[in-house]
Protein chains: 2
Amino acid sequence: MAKTAVKNKVRRKDRILDTAEALFARMGFVGVSMRMVAEGAQVDLALASYHFGNKRGLFDAVLARRSDIINEKRLEALRDCISSAGAAGPELEAIVDAFIQPLLGVGLEKDAGWRHYMELIALVNSSHELGGQAMTQFFDPLVNEFIQALKKALPGAAEEDIYWSHHFFSGALTLTLAQTGRLDNLSSGKVKSNDLEAAYRRMVPFVTAGFKALCKPEKG
Amino acid sequence: MAKTAVKNKVRRKDRILDTAEALFARMGFVGVSMRMVAEGAQVDLALASYHFGNKRGLFDAVLARRSDIINEKRLEALRDCISSAGAAGPELEAIVDAFIQPLLGVGLEKDAGWRHYMELIALVNSSHELGGQAMTQFFDPLVNEFIQALKKALPGAAEEDIYWSHHFFSGALTLTLAQTGRLDNLSSGKVKSNDLEAAYRRMVPFVTAGFKALCKPEKG
DNA sequence: GTCTATACCGTGATAGAC
DNA sequence: GTCTATCACGGTATAGAC
C-alpha cells in the first residue's frame, strides 16, 4: 500500500540519521564514511547522498534534528520559570536549572540516540573548526534568550562577566555530555561519568555560585 | 659536519611534530593524513613512519611532548603554593590558580605551536573515543596531585563532590583552550574567545565559588 | 526511492635503494 | 636517516537501470 511505502521511506531516512548520529558522535565528521553509514543503516550507499545531498548535508541534518527538539524544551522550561516568578524575574538558580534540566535531568542518556547526540555536541562545541560555526547556528538563538534572563537576574553585572560565566557553564555542560569515562578512571570508579543525574544535581549549585561570584554589580 | 647532521635530523623530527600538532588540532586524528603532515613539514612521506612507527605513534608523541612541559609547570606552581602556605595547606583559590595559570596566564596563546596544542587538548578531552584514554594517560597523574590538595582545602567534603567539581572545572578550562570564536559571535564581539588572560582572571573566582558551594562538609 | 556499478582519487604502510 | 616506488584498500560521488 501507499501507506507502507511512505512509512518505509521515512524509516530508511531516519535509520540513516540514527546511524550517522552514532558514528559521527564516536568518530567525528571525517572519521565516518558514507559506506559505514549505509552499512549500519542497512541501506544502499547511494541513498544517503540522495536524501541529504552530500556528507556535510547529512551531518547538518543530524545536528538539526535533535537541536530543534531540545531547544524547544529548554525554552519552555525558561518560559515556565519566568512566568511563575514575580515581576523581578526568576532566581538565577532557576535559570541555570532550566538550561540543563531538559538535557541532564530527564534520563535521556538511557536512549542510545540521545546519548550519541550528546557525545556529538560535546565534540562539536570543543572543535576549533566547528564550534564557532555549528554551535552558533544551532544553539545560540536559544542561548540568547537565556542571556537576557541572566542579565535580569544579575542586575548591575558587567556584560563581559555574564558571557564568560555562561562560557564556563557551557564547558562544564558539554564535557559532561561527552561521558568519556575519564572521571571513572580518575576517581578509581567512585564517580561514574555517565551518571548524568548526579552531574545535574551538582552542576546547578556549582554554576549558580560561579555566576554570583563573578557577576557582581560593577563598581562606580 | 656531524653537528649539522644531528641538528638537521632533530629539526626534521620537530618539524613533523609541529606540523602534525597544527593539523591534528584543526582536523582531529582521522582528519589528518600522513601525506599532509609530510607535505607541511617539507619532509618525505616515509619519514614520519620511520620516526614514530605509525600515525597513532605520531599522535601520542604530539600529545606527550607538551603535556610533559605543562604538567611540570603546574606541579611546580602547586608545590610553590603549598610550601608558602602554613600547615593548614593552601587556600582553595591558590590551588585553582596553580592549575590554570601556567596555561592561561603566561601568554602561551601568542605562540602558534602552543595555540594548536591547546586546541588539540580541547578536542581530545571532549572526545568520547579519546577523552577517557589519552587524557587519563597524559594528564591525570598530575590531576591526582591537585585532587589531594583540594581534599585538604575542603575538609569534610564528600569525595564525589570534589571529583565532580573538578570535572566542571576541567570542562570550563578545555572549552576555553579551544578558542572557537563562538563567544565572539554570541556576544556580538564584546567578548573575544582568544583573550585567555580575560578568561583566566574570571575563571579563578568562578570555579573557586563553585567548589565552595558544592563541596561543603558532609552532614552527620 | 532504491539499487547496481563504477569512476577516480587519497589512504597508511612498507620494501628496498642510497 | 632519507627517499622512491608501490601495494591493496577504502574514500566520495554519481550515472543510469528499475
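Heavy-atom basis, side chains included; hydrogens, waters and symmetry copies ignored.
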Please state how far atom [atom1] in [X] lies from atom [atom2] in [N], giving the value in whole angstrom units.
X	N	atom1	atom2	value
B:Met34	D:dG10	CE	P	19 Å
B:His51	C:dT14	NE2	C1'	16 Å
B:Arg35	D:dA5	CZ	P	14 Å
B:Asp44	C:dC18	CG	C1'	13 Å
B:Lys55	C:dT14	NZ	C1'	17 Å
B:Phe59	C:dG12	CZ	C1'	17 Å
A:Leu47	D:dT14	CG	C1'	14 Å
B:Asp14	D:dG1	CG	C1'	15 Å

Do A:Arg74 and A:Phe99 meet the cation-pi criteria used here (NZ or CZ under 6.0 Å from the six-membered ring centre, within 45° of the axis)?
-> yes

Do we get A:Lys190 above B:Tyr163's six-membered ring, with its NZ or CZ under 6.0 Å from the centre and within 45° of the axis?
-> no

Tell me which nucleotide among [options] gets nearest to the side chain of [X].
X	options	value
B:Asn54	C:dA13, D:dC3, C:dC3	C:dA13
B:Tyr50	D:dT2, C:dA13, C:dT14	D:dT2
B:Ser49	C:dT14, D:dC3, C:dG12	C:dT14
A:Ala46	C:dT2, C:dT4, D:dG11	C:dT4

Determine the contact category for B:Val30: base if any of its heavy atoms lies under 4.0 Å from a base atom, sugar-phosphate if only primed atoms, P, OP1 or OP2 are that close, otherwise nothing.
-> nothing

With sugar-phosphate meaning primed atoms plus P, OP1 and OP2, does B:Val37 contact a base, only sugar-phosphate, or nothing at under 4.0 Å between heavy atoms?
-> nothing

Considering only NZ, NE, NH1 and NH2 on the basic side and carboxylate oxygens on the acidic side, decide whether B:Arg79 and B:Glu145 come within less than 4.0 Å.
-> yes

SB check B:Arg35 B:Glu39 (cutoff 4.0 Å) = no

Any A:Arg12 side-chain nitrogen or oxygen under 4.0 Å from OP1 or OP2 of C:dT2 | yes

Are OP1 or OP2 of D:dG11 and a side-chain N or O of A:Ser33 less than 4.0 angstrom apart?
-> yes

Between the side chains of A:Asn194 and A:Arg115, does any donor sit under 3.5 Å from an acceptor?
-> no

5'-most contact on DNA chain D: B:Leu45 or A:Met36, nearest heavy atom basis?
-> B:Leu45

